[in-house]
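Below is one structure; the comments refer to it alone.
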Amino acid sequence: MKKILDLISDEMMQAFEQAGYDRALGRVTLSNRPDLCEYQCNGAMAGAKQYKKAPIMIANDVAAKLADSAVFAKAEAVAPGFLNLTLKREFVGDYIKKMRADRKYGLEEAKNPAKIVLDYGGPNVAKPLHVGHLRSAIIGESVKRIARYMGHTVIGDTHLGDWGQPMGLIMNELKIRKPELVYFDENYHGEYPADPPFTISELEEIYPTASKRSKEDEAYKADAMACTFKLQSGVAGYRALWKHIIAVSVTDLKKIYEKLNVDFDLWNGESAVHDMIPGMVEAMKEGGYAYLSEGALVVDVKEETDTKEIPPCMILKSDGAALYNTTDLATIMMRMETEQPDRIVYVVDKRQELYFEQVFRCARKTKLVQEDTELKFLGFGTMNGKDGKPFKTREGGVMRLENLIQQINDEMLRKIKESRETSDEEAAATAQVVGLAALKYGDLSNQASKDYIFDIDRFTSSEGDTGPYILYTIVRIKSILAKFTENGGNVQAVLSEIKAPVNDSEKQLMMELAKYNASVEAACDEYAPHKICAYIYDLANAFNHFYHETKILAEDDADRKAGWIALLALTRDVLETSIDLLGFSAPERM
RNA sequence: GUUUCCUUAGUUAAAUGGAUAUAACAGCCCCCUCCUAAGGGGCAGUUGAGGGUUCGAUUCCCCCAGGAAACGCCA
């Protein structure tokens, strides 16, 4: 279905053409002055020079052609040359009626669906998720859902950190604590136990302890490196132990991601590409791309158009070991082999932008990807505390994601109990649903690339531009529809009864609904979930305004009432589809 | 030091080069015999400084001030 703005523009362009002007001038935009008109066209001013004519004269010529337009109730030329437009009620009602009948509410899927690998999440094995992982998860999940809804094929890969030094540290510490474990007996050749020799909480305690000690104790560090080496070279006991670490961690990670309503198609870790590294490095050497510099193996990625110095991309450290770059490049290689994506998108902290620029250039130069494979860095800003500095616990430490979620839920629960009589059970369930919306909306409503301030009071408030406000609006609609059903009405039966709007707030609501397809499309093209947030906030506002001015269930005219019920159902459907794209949902009551 | 990004109301955030810069929160004032007042309506308050391009600049260019980040063996 065409976007409403395109339909309006078509009508305007035709008028420009009929009046003897370039039709390209007839592009219409949303009004900047809602007090004066609904839509506007500034083409007359743009064309003034070309036609050596006062803008107002051009605008008058065009307006004359629109006198009996089927689209515009009013099209007037205003000084210095604006064309102020008001839509016909029938035109708006008709558009919404068609939108209702459309499977995706008027949204057209992408003409060239792409296969996209989306790299987000980035958790590390044996380390609890902390607030730093939050944005990647939330933004990535939403980008994934939006792109899929637009018809693209998206593969979400968490790119687990499961291979490097941390693994060696854990194993070494474990060896010290429990040397009797069979995994450390290199003469053992039997089956290894199926149950892990540690719990997740032990694991989470072991890593920081080991990490700290390795910084103070050289011998300890050397032992840990030896463990890393044994793992990477395939010593059976170490591999078996490592598998336990992964299994225990991933189970725990999945639990928390589930709480966030985030899931991945692939749990490939850095380990998955380990075996590809030697071949890849060799190919880079043979291709004449990689050379030794200061002892390390690097690939130059400078380009003539650079305004800044881009350091070469390091492939191997001077001790010959692989590093982050190496695994990322190998991961690109693997993805190209297994998935052949058109696009690989990384949802990563924006501070890594230069690093990824190097990796992308290196991948391109060494032909790991095809020329038309798009590599996209989607950097996000930091979540800050109220002091404007990166978010910390009161003690100054890193806050675990679990605790953050719990804080939001507790606050939500407190608010629910304060405002309404409910059973403890229902209140707790509602608090979870609304809490997640508060958290996600609070994050996603900001431009991903910007830093933002995490403010629990603001996010959980139902006043203003917040998740709870959106949910409350949906719940209100559901409540009316439920009452309608209770009184013997049938919502399904009246869905197609949408009519031309009879009052202003109804028309406003319809015009907001009509922007749905354009909003989702823009959000997808620009990887910008915040555009969907802005859209549903406007829509919720338009609905609440309409709600206050209109007594829906008390309406005597059955026809009119049916139309309103249909409008409500559509509003609910659009809102619920939208929040699903953002990665949260609404309760039945709150 | 070099480079990049940012600077909008008291605060947090919006605005393909268009009119009187848009909202929210906080502040002040109204509205529940009425479908959830977790709502609605109203008042007041803003583009860091200076140049330039343009009929028109928050937006593009230059410069200054303030902030953040990145800058080869961490990820």
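Lettering follows sequence order; numbering is per chain, from 1. No hydrogens, no waters, no symmetry mates; every other heavy atom, side chains included, goes into these values.
Sorted by first and then second residue, the ring-ring contact (aromatic ring centres under 6.0 Å, His included) pairs with a member in residues 301-323 of chain A form an empty list; sequence neighbours excluded. Within the structure, ring-ring contact (aromatic ring centres under 6.0 Å, His included) pairs that include any residue of residues 289-315 of chain A do not occur (at least two apart or interchain). The salt bridge (Lys or Arg N to Asp or Glu O under 4.0 Å) analysis of residues 29-51 of chain A, with sequence neighbours excluded, yields the pairs A:R33-A:D35, A:E38-A:K507. Pairs engaging residues 426-441 of chain A under the side-chain hydrogen bond (donor to acceptor under 3.5 Å, both in side chains) rule: A:E426-A:R589, A:Y441-A:D465 [sequence neighbours left out]. Sorted by first then second residue, the salt bridge (Lys or Arg N to Asp or Glu O under 4.0 Å) pairs that include residues 531-548 of chain A, not counting sequence neighbours, are A:E526-A:K531.
For A:N32, there are no side-chain hydrogen bond (donor to acceptor under 3.5 Å, both in side chains) partners at least two apart in sequence or on another chain. For A:E576, the side-chain hydrogen bond (donor to acceptor under 3.5 Å, both in side chains) partners two or more places apart in sequence, or in a different chain, are A:K478.
For the P atoms, the distance from B:C62 to B:U53 is 15 Å, rounded to whole Å. With P as the reference atom, B:A44 and B:U8 are 23 Å apart, rounded to whole Å. Distance check on atom P: B:U46 versus B:U3 gives 37 Å, rounded to whole Å. Between B:C71 and B:G48, the distance separating the two P atoms is 30 Å to the nearest Å. Distance check on atom C1': B:U47 versus B:A13 gives 14 Å, rounded to whole Å. Going from the C1' atom of B:G39 to that of B:A24 covers 15 Å, rounded to whole Å. Rounded to whole Å, the P atom of B:G51 lies 24 Å from the corresponding atom of B:C5. Only the P atoms considered, B:C64 is 42 Å distant from B:G27, to the nearest whole Å.
Residue-level contact check: A:S445 touches neither bases nor backbone, having no heavy atom under 4.0 Å from any strand. Within the 4.0 angstrom heavy-atom criterion, no nucleotide atom of any strand lies near A:K350. At the heavy-atom level, A:L36 lies under 4.0 Å from base atoms of the strands shown.
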What protein N or O atoms touch nucleotides 45-48 of chain B N or O atoms at under 3.5 angstrom, if any, and at what distances?
none

Report each atom pair, protein N/O against N/O of nucleotides 22-25 of chain B, whose distance is under 3.5 angstrom.
none

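Between A:W564 and A:F546, the angle of the ring planes goes over 60°, which puts this pair in the perpendicular group of the 30/60° scheme. Using bins of under 30°, 30° to 60° and over 60° for the plane-to-plane angle, the ring pair A:F454/A:F391 lands in the perpendicular bin.
For the ring pair (Phe, Tyr, Trp, His ring centres under 6.0 Å) with A:Y355, the lone residue among A:Y346, A:Y324, A:F377 that qualifies is A:Y324.
Closest to the side chain of A:Q447, from the set B:A13, B:A19, B:A15, is B:A15. Considering only the side chain of A:K49, B:C55 comes nearest among B:A14, B:C55, B:A38.
Other residues, nucleotides and ligands contribute only 12 or fewer heavy atoms inside 6.0 Å of the CD atom of A:E353. In A:K365, the NZ atom is crowded: over 12 heavy atoms of neighbouring residues, nucleotides or ligands sit closer than 6.0 Å. Around atom CD of A:E218, no more than 12 heavy atoms belonging to other residues, nucleotides or ligands sit under 6.0 Å away.
Residue-to-nucleotide proximity on RNA chain B shows that, of A:Y39 and A:Y472, the 5′-proximal contact is made by A:Y39.
Between A:K386 and B:U11, a side-chain N or O to OP1/OP2 separation shorter than 4.0 Å is absent. Contact annotation: A:S479 reaches the phosphate of B:U36 (side-chain N/O to OP1 or OP2, under 4.0 Å). Considering only side-chain N and O atoms, A:K483 lies under 4.0 angstrom from the phosphate OP1 or OP2 of B:U36.
Under the 90° criterion around 0 for the glycosidic angle, B:C32 counts as syn.
For A:Q40 against B:A19, a side-chain-to-base donor-acceptor contact under 3.5 Å is present. A:N84 contributes a side-chain N or O that forms a donor-acceptor pair with the base of B:A19 under 3.5 Å.
Using a 4.0 Å cut-off on heavy atoms, none of the residues of residues 432-444 of chain A approach RNA chain B. Less than 4.0 Å separates RNA chain B from at least one heavy atom of each of the following residues of residues 543-556 of chain A: A:N544, A:H545, A:Y547, A:H548, A:T550, A:K551, A:I552, A:L553.
Nucleotide B:C5 is matched to B:G67 when pairs are restricted to Watson-Crick or G-U wobble geometry with both distances under 3.5 angstrom. Both distances falling under 3.5 Å, in either a Watson-Crick or a G-U wobble arrangement, place B:G50 opposite B:C62. Shown here, B:U33 forms no base pair; nothing in the strands shown gives a Watson-Crick or G-U wobble contact with both key distances under 3.5 Å. The pairing partner recorded for B:A44 is none, the criterion being a Watson-Crick or G-U wobble arrangement whose two distances lie under 3.5 angstrom.
Residues A:N84 and A:Y39 have side chains that never bring a donor and an acceptor to within less than 3.5 angstrom of each other. A:N541 and A:Y469 share a donor-acceptor pair across their side chains, judged by distance under 3.5 Å alone.
Distance OH (A:Y535) to P (B:A15): 17 Å, rounded to an integer number of Å. The distance from atom CZ of A:F82 to atom C1' of B:A19 is 4 Å, rounded to the nearest whole Å.
For an aromatic pair to be called close, the ring centres must be under 6.0 Å apart, and A:H133 with A:H130 satisfies this.
Looking at A:D6, its side chain never comes within 3.5 Å of a backbone N or O of A:K2 through a donor-acceptor pair. Side-chain atoms of A:K350 come within 3.5 Å of backbone atoms of A:S449 as a donor-acceptor pair (strictly under, hydrogens ignored).
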Notebook entry, point to check: In B/S/- notation, 5' to 3', how is nucleotides 70-75 of chain B contacted by protein heavy atoms closer than 4.0 Å?
Noted result: SSBB-B
